[in-house]
Amino acid sequence: MKDYSMEVETIGDDIRAVIVGGGYIAQKLSRILYNRGLGCTIISRANNLDLSSIPEFIFLFNNNNGNISETVLNFVETIKSKLIIISVDKQCGDNLIKQCLEKDIDFCSVSVYDVFGGNGTGSALENVFPGAEKKKLTSFKNDQIVVTPIFVDDAAEGLCRIAFFTQTFKKNFLISGKEEIPLVGFINRVSAEAGRIFGFILKPEEQSEPYPDAVVRHEKIIKRDESYLLLNWQPEVNLAEGIKLTLKSQPVVIEKEQPEVKKKTILSP
């Protein structure tokens with residue numbers, strides 16, 4: 001998996017939301033929050049949390065599924081922030097949930113699956129777009145898996161709605177796309193769209209690691225539908241538009257083939 005570390009970014013003066021980690025999803029989320037009147041800051045790790053601030057929300061991307069530091073939990077318990085724990089392409093660990101239940105804090109867990117779009121979201125589907133300038137796609141070993149791709153803007157919007165939803169306390173949410181498609185079919189659609197946009201077909205190359213499958217497919221679909229029913233919301237960007245927007249954001253340099261120069265044969269007298 002790629003390194004999705006990022007620089008600290010602050011938007012607005014009155015910091016009411018702190019985002020820990022998250023890569024490109026965090027960047028999208030920060031702009032949504034700011035547009036809704038919440039100043040926010042992105043930090044690379046929980047150890048950098050400024051304990052002098054009193055944020056209303058803390059979005060914690062827990063990509064390694066490790067424990068949350070006691071310092072952070074005690075901080076959240078003291079100032080009564082709402083803690084949103086986010087795991088990308090995996091379920092939120094039971095040990096992490098247990099940690100939070102032992103504290104008097106307002107928290108919920110969110111699993112985000114099959115995110116794509118933009119530049120480094122941290123999801124396995126992002127590996128399908130390794131850089132169109134290389135004229136290749138990444139294909140995973142277990143291509144028969146069914147995915148539910150969600151465009152990064154929708155994923156960030158879902159996280160924002162969970163934060164503002166008043167009934168999130170100790171609930172588990174799942175954010176994923178509403179359209180189901182075999183992984184190999186998704187890769188083929190990306191390749192076909194690249195042909196229309198750039199004029200060349202992207203060639204799939206097999207990835208050494210299998211695509212993560214932390215949740216049985218039917219359980220994931222049920223949990224996703226329950227989450228969206230609770231939030232009274234669902235993703236808006238359809239698969240075709242999301243693929244098109246993603247490819248158009250890729251750093252592509254189209255090399256034009258030079259016409260062949262025919263040399264004239266000059267006969268000596």
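Because the structure is a prediction, the values reported are computed rather than measured.
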Sole candidate of Ile97, Leu83, Ile84 that passes side chain to side chain contact (heavy atoms under 4.5 Å, CB included) when paired with Cys108: Ile84
Heavy-atom pair with the smallest gap, counting every atom of Ala124 and Phe140: O-CZ, 3.4 Å
side-chain hydrogen bond (donor to acceptor under 3.5 Å, both in side chains) partners of Asp225, counting only residues at least two apart: none
Working for side-chain contact (heavy atoms from CB on, under 4.5 Å), residues Leu230 and Lys171: CA-CA 10 Å; Leu230 195 59; Lys171 284 189 170 60; 3.6 Å; yes
Enclosure of Asn232 CG (heavy-atom neighbours >12, cutoff 6.0 Å): no
Check: Ser81 side chain, Phe57 main-chain N or O, donor-acceptor pair, under 3.5 Å: no
Transitive ILVMFWY side-chain link Tyr34 to Ile32, under 4.5 Å: no
Hydrophobic cluster identity match, Ile221 and Leu231, side-chain contacts under 4.5 Å: no
Over all atoms of both residues, closest heavy-atom pair of Gly185 and Ile181: C-CD1, 3.7 Å
Smallest separation among heavy atoms of Ser87 and Cys92, with atom names: OG-CA, 3.6 Å
Verdict with reasoning, Val110 to Phe59, per side-chain contact (heavy atoms from CB on, under 4.5 Å): CA-CA 10 Å; Val110 189; Phe59 297 86; over 6 Å; no
Over all atoms of both residues, closest heavy-atom pair of Ser30 and Cys40: O-SG, 3.3 Å
Sequence neighbours excluded - side-chain hydrogen bond (donor to acceptor under 3.5 Å, both in side chains) pairs with any residue from residues 185-195: Glu179-Arg189, Glu193-Arg196
Distance (rounded to the nearest 0.5 Å) between Leu101 CG and Lys170 NZ: 5.5 Å
Steps toward side-chain contact (heavy atoms from CB on, under 4.5 Å) verdict (Leu33, Cys160): CA-CA 7 Å; Leu33 292 169; Cys160 183; 3.8 Å; yes
Pairing residues for Asp104 by the side-chain contact (heavy atoms from CB on, under 4.5 Å) criterion, not counting sequence neighbours: Glu77, Lys80
Side-chain heavy atoms of Pro55 within contact of Ile79, under 4.5 Å: yes
Flag side-chain contact, heavy atom, 4.5 Å: Val76 against Asp106: no
Heavy-atom check, side chain of Ile19 versus side chain of Phe61, under 4.5 Å: yes
Side-chain donor-acceptor pairs under 3.5 Å in residues 234-247, sequence neighbours left out?
residue : atom : partner : partner atom : Å
Asn238  : OD1  : Ala240  : N            : 3.3
Asn238  : OD1  : Glu241  : N            : 2.8
Thr246  : OG1  : Gly242  : O            : 2.7

Ser123 (side chain) donor-acceptor with Val115 (main chain) under 3.5 angstrom: yes
Side chain proximity check, Ser111 to Phe173, heavy atoms < 4.5 angstrom: no
Transitive ILVMFWY side-chain link Ile222 to Tyr113, under 4.5 Å: no
same_hphob_cluster(Ile187, Phe198) at 4.5 Å side-chain heavy-atom cutoff: yes
From NZ (Lys223) to NE2 (His218), nearest 0.5 Å: 13.5 Å
All side-chain contact (heavy atoms from CB on, under 4.5 Å) counterparts of Glu56, not counting sequence neighbours: Arg16
Non-hydrogen side-chain atoms of Val152 and Tyr24 separated by less than 4.5 Å: yes
Thr148-Asp114 side chain donor-acceptor pair, cut-off 3.5 Å: yes
CZ-CD1 distance between Phe186 and Ile145, expressed to the nearest 0.5 angstrom: 13.0 Å
Shortest non-hydrogen separation from Gly177 to Arg224 and the atoms involved: O-NH1, 2.6 Å
Heavy-atom check, side chain of Leu38 versus side chain of Phe164, under 4.5 Å: yes
Considering all heavy atoms, the nearest Tyr228-Ser176 contact: OH-O, 2.6 Å
Intermediate values then yes/no, side-chain hydrogen bond (donor to acceptor under 3.5 Å, both in side chains), Asn172 and Ser109: CA-CA 5 Å; Asn172 303 314; Ser109 65; 2.4 Å; yes
Lys/Arg-Asp/Glu bridge criterion (N-O < 4.0 Å) met for Glu157, Lys28: no
Which residues share a side-chain contact (heavy atoms from CB on, under 4.5 Å) with Glu70, sequence neighbours left out: Leu73, Asn74, Gln99, Lys103
Ile58 CD1 to Ile85 CD1 distance, which is reported to the nearest 0.5 Å: 10.5 Å
Arg217 side chain to Val146 backbone, donor-acceptor under 3.5 Å: no
N/O donor-acceptor pair under 3.5 Å between Asn62 side chain and Ile86 backbone: no
Verdict with supporting geometry, Asp89 and Leu125, side-chain contact (heavy atoms from CB on, under 4.5 Å): CA-CA 9 Å; Asp89 282 333; Leu125 270 194; over 6 Å; no
Note: Lys178-Asp154 ion pair, threshold 4.0 Å (strictly below): no
